[in-house]
Structure formats: C-alpha cells, structure tokens
Novice: 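Got a structure for you, questions after.
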Amino acid sequence: MAKAAPRTVLITGCSSGIGLCMAVQLARDPGRRFHVIATMRDLRKKDKLEAAAGDTLNQTLTIQRLDVCSDESVAECINSLPEKQLDVLVNNAGVGLIGPLETITIDAMKHIFETNFFGAIRMIKAVLPAMKQRQKGHIVVISSVMGLQGIPFNDVYAASKFAIEGFCESLAVQLLKFNIFISMVEPGPINTEFEMKLMEEVGKSQFPGVDATTVHCFKDIYLPASHEIFTTMGQSPESVAKTVVNIIAKERPPFRTQTNLLYTPLVALKYADTSGELSVSAYYNLLFRFTRLFYISTSFLKCITCRCFRRQITPT
Ligand SMILES: NC(=O)C1=CN([C@@H]2O[C@H](COP(=O)(O)OP(=O)(O)OC[C@H]3O[C@@H](n4cnc5c(N)ncnc54)[C@H](OP(=O)(O)O)[C@@H]3O)[C@@H](O)[C@H]2O)C=CC1
Ligand SMILES: CC1=C(/C=C/C(C)=C/C=C/C(C)=C/C=O)C(C)(C)CCC1
C-alpha cells in the first residue's frame, strides 16, 4: 500500500518551551509522518529552534513568522501555505500573568486575553473554512490545569484559559459534523521560560497601593509555594511535547488530556463537591493554614512517583 502523505502541522509560539519541543519532535518523527510549520512572532529568535531542528530544517520543518495577535500576520502565514491548507493546528502561543489584582491594569489583562483567548480563536477562524471544506482536521489547544481550576494570584491568566475551554467545549460538538477534532491539553507547571518571565515581571513591581496583608500573602507565601510546585511537580517541556505528539498521531484524538497526573486530584475536588466549598477550602488550607504540610506533601508527591514506587509488586 502507498505510504500516506505527511500531515501538515502548524504550531504557534515555537521560539521556546513546549512549542519548540513539539516542533522538533514532530519533525524528527521516525516515520516522517509530519511536515511542521513552526511559527514565531519574532524571527530574530529562531536560532534556538534552528539548532534543535538540525538536519530537519527545511526538510520536515520550516520556520515562518506569525503573531497570533495580528490579523495581517495570521492571514499572511495561512495564505502562504499550499492551497491554504493544514491538517493540524496547534495553538500553543501563550503568556502568563501573576500578582495582586490591584497592580494589574485593564490593558495588561486585555493583552493576556488577546494572546491566550483571541489569539487561538483568530487562528481557528483562519483555518476552519478549509478544514470544513475538506471534512478533515485536528485543532489542538495548549490550555492549562488553570483552565479547569483557578489558583490564587493567577486570576486573569486562569480566566483566559477558562475562556478557551468554554469556547472549545462548545465548538467541538459542532465540528464533529465535519470530522474535525479538537483536543485540549491541560498541563500543570512546566519548566520552561514561562515561570522566569513571570518572575521578571513581578520583580519589577513595588506593589503600590496594595494592602500589607495581600503583599505578604503574595510575596512571602504564594511565590515560594509556587516555586516549590515548579520544582517538585514541574514537568519537562519534552515530556509534555511527547504527550501532544501522541495525541496528534491518534486517529480519534481525545478531547481532554491532563499531562500531570499529580495534579488530577486537585482538579477533581470541584466535581466532588458542587458547592465549591471543598476546593476553595482545600486551596486555602494548603496555602495559608498548613503551609508546612504543603511543603512536605509536595516532596512526598514527588517521592511516590519515582521509579522505586512504581516497581511492580510480586506476591511472595
Ligand atoms: N510553563 C507552564 O508552566 C505552563 C504553560 N502552559 C501553556 O503552554 C503554552 C506554552 O508555554 P511555555 O512553552 O511554557 O512558555 P514559553 O514562554 O517558553 O513559550 C511561549 C511562546 O508563546 C509565544 N508567544 C507569546 N505571544 C505570542 C504572540 N502574540 N504570537 C505568537 N507567539 C507568541 C512566545 O514567543 P516570544 O518568545 O516571542 O515571546 C513563546 O514562543 C502557553 O499557552 C502556556 O499558557 C500551560 C500550562 C503550564
Ligand atoms: C497546586 C497548589 C498551588 C500552586 C499551583 C501552581 C503554582 C500551579 C501552576 C500552574 C501553571 C503555571 C499553569 C500554567 O498554565 C498553590 C496555590 C501554591 C497551593 C495550593 C496547591
């Protein structure tokens, strides 16, 4: 039987992190099942991707400029594709935002939604007509556990991810009529430049006009706890990228995938008690009341997932 033609996969935000790793893993697929269009908004940042792509560059991987916040940039990139067609779109580009609400301007909030929410929608709108016409396609969205469960001091970022979750839940049903699948990927913390960029922003702020209790909760409790979470529970971008590659390779891709199983019970709390009391009090207690227990439990969580705990038990 003739070998199937490679599927064209366009990924947004490939200058670093998961986007870069996904692009390289797909381009290096041993079965050469994919042609990757790895996009980034600033081509001056392409060196890292070029180095990682190695000999796949301009073979199974090409680099193009694309800013998800610009109609012109999206149109230019999509119009440059042969027959303006894609098999898989991966909405990965995203920005984080943390801090006390009082320090965040409405413009800064709009920027988060412009990238994480409208950026993904702009991409989906651009590729949907051709996918519908061909009755074929797969749209992947890199959402977050924060699209399922809010975390203190991440109010606006979580809202942007909840928004895309709601959007996709609605659209996914309609698109099944056209044999088009949507997959939401919901990672917990990942050790990419994401955390460093957040810390850089926070480091600049003096928190003017914010009450002392909130500043204390944020600087002395949340930030160290969050750093601990990244250290103990953080995944590598390579492992998240691998999960996404497996999803893309599936004939019938799943609608939702959480990549960090350590996080799943924390997300499940809201479904266990629909009043919301259980999850709100659990997060409050973990962060503010039993902070020491929280540190011990994150180390314990890391410990129980290490190899020796996974070893199969043979009955004696
Ligand atoms: N790291 C984490 O803990 C988690 C991240 N996520 C999500 O994963 C995705 C990737 O993040 P991650 O790899 O961790 O972080 P990085 O900061 O390493 O990567 C983010 C990418 O998005 C790009 N980007 C930002 N704005 C735009 C834009 N307007 N147009 C095109 N590209 C843009 C950045 O480009 P540039 O270099 O130009 O800024 C960069 O390439 C995001 O959607 C994020 O919300 C989800 C869960 C956890
Ligand atoms: C689990 C947990 C916490 C922090 C979680 C963090 C920091 C998650 C970060 C997720 C990211 C970065 C997602 C990106 O999309 C707290 C509130 C410290 C204490 C309570 C339990």
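Every number for a ligand or one of its atoms is a count from 1 in the order of the listing.
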Novice: Are Glu114 and Arg122 ion-paired here, with the side-chain N under 4.0 Å from a carboxylate O?
Specialist: yes

Novice: So which residues get pulled into Leu176's cluster when ILVMFWY side chains under 4.5 Å apart are joined, directly or through others?
Specialist: Phe181

Novice: Does ligand 1 have any atom that is closer than 4.0 Å to a heavy atom of Pro237?
Specialist: no

Novice: Could you work out, for atom 48 (C) of ligand 1, the closest of Pro189, Cys69, Gly94, Gly188 by heavy-atom distance?
Specialist: Gly188

Novice: Out of Tyr222, Tyr157, Phe194, whose heavy atom is nearest to atom 15 (O) of ligand 2?
Specialist: Tyr157

Novice: Against heavy atoms of Gly17, which atoms of ligand 1 measure under 4.0 Å?
Specialist: 13 (O), 18 (O)

Novice: Have a look at ligand 1 and work out which part of Lys45, if any, has a heavy atom under 4.0 Å from it: side chain, backbone, both or neither.
Specialist: side chain

Novice: Kindly confirm or rule out an N or O of Tyr283 lying under 3.5 angstrom from an N or O of ligand 2.
Specialist: no

Novice: Would you check the N or O atoms of Thr192, main chain and side chain alike, for any that come under 3.5 Å of an N or O of ligand 1?
Specialist: yes

Novice: Using a strict 4.0 Å cut-off to heavy atoms of Lys197, name the atoms of ligand 1 that fall inside it.
Specialist: 16 (P), 17 (O)

Novice: Would you say Thr115 touches ligand 1, if touching means a heavy atom closer than 4.0 Å?
Specialist: yes

Novice: Say whether Met40 and ligand 1 are in contact under the criterion: heavy-atom distance to a ligand atom below 4.0 Å.
Specialist: no

Novice: Heavy-atom pairs closer than 4.0 Å: do any link ligand 1 to the side chain of Glu186, the backbone, both, or neither?
Specialist: neither

Novice: When only distance counts, is Ser144 in polar contact with ligand 2, meaning an N/O pair under 3.5 Å?
Specialist: yes

Novice: Out of curiosity, is Ser70 lining ligand 1, as in a heavy atom under 4.0 Å away?
Specialist: no

Novice: Does any N or O atom in Val68 lie less than 3.5 angstrom from one in ligand 1, N or O only?
Specialist: yes

Novice: Below the 3.5 angstrom mark, is there an N/O of Asn92, backbone or side chain, next to an N/O of ligand 1?
Specialist: yes

Novice: Going by heavy atoms, is Gly96 under 4.0 Å from ligand 1?
Specialist: no

Novice: So for Gly119, does at least one of its heavy atoms come nearer than 4.0 angstrom to any atom of ligand 1?
Specialist: no

Novice: Show me which atoms of ligand 2 lie under 4.0 Å from any heavy atom of Leu266.
Specialist: 1 (C)

Novice: Between Lys270 and Glu277, is the closest basic N to carboxylate O distance under 4.0 Å?
Specialist: no

Novice: Between Gly19 and ligand 1, does any nitrogen or oxygen pair lie at a separation below 3.5 Å?
Specialist: no

Novice: Against ligand 1, does Asn91 come closer than 4.0 Å with any heavy atom?
Specialist: no

Novice: Quick check on Lys161 - does any of its heavy atoms sit under 4.0 Å from an atom of ligand 1?
Specialist: yes

Novice: Applying a strict 4.0 Å limit to heavy atoms, is Thr12 in contact with ligand 1?
Specialist: no

Novice: Nearest non-hydrogen atom to atom 47 (C) of ligand 1 belongs to which of Pro187, Ser73, Ala120?
Specialist: Pro187

Novice: Out of Gly147, Gly234, Gly13, who gets a non-hydrogen atom closest to atom 23 (C) of ligand 1?
Specialist: Gly13

Novice: Does any N/O atom on Ile190 come nearer than 3.5 Å to any N/O atom on ligand 1?
Specialist: yes

Novice: What protein heavy atom sits nearest atom 16 (P) of ligand 1, and how far away is it?
Specialist: Ser16 OG, 3.5 Å

Novice: How far is atom 44 (C) of ligand 1 from the closest protein heavy atom, and which atom is that?
Specialist: Tyr157 OH, 3.6 Å

Novice: Enumerate the atoms of ligand 1 whose separation from the nearest heavy atom of Asp67 is less than 4.0 angstrom.
Specialist: 28 (C), 29 (N), 30 (N)

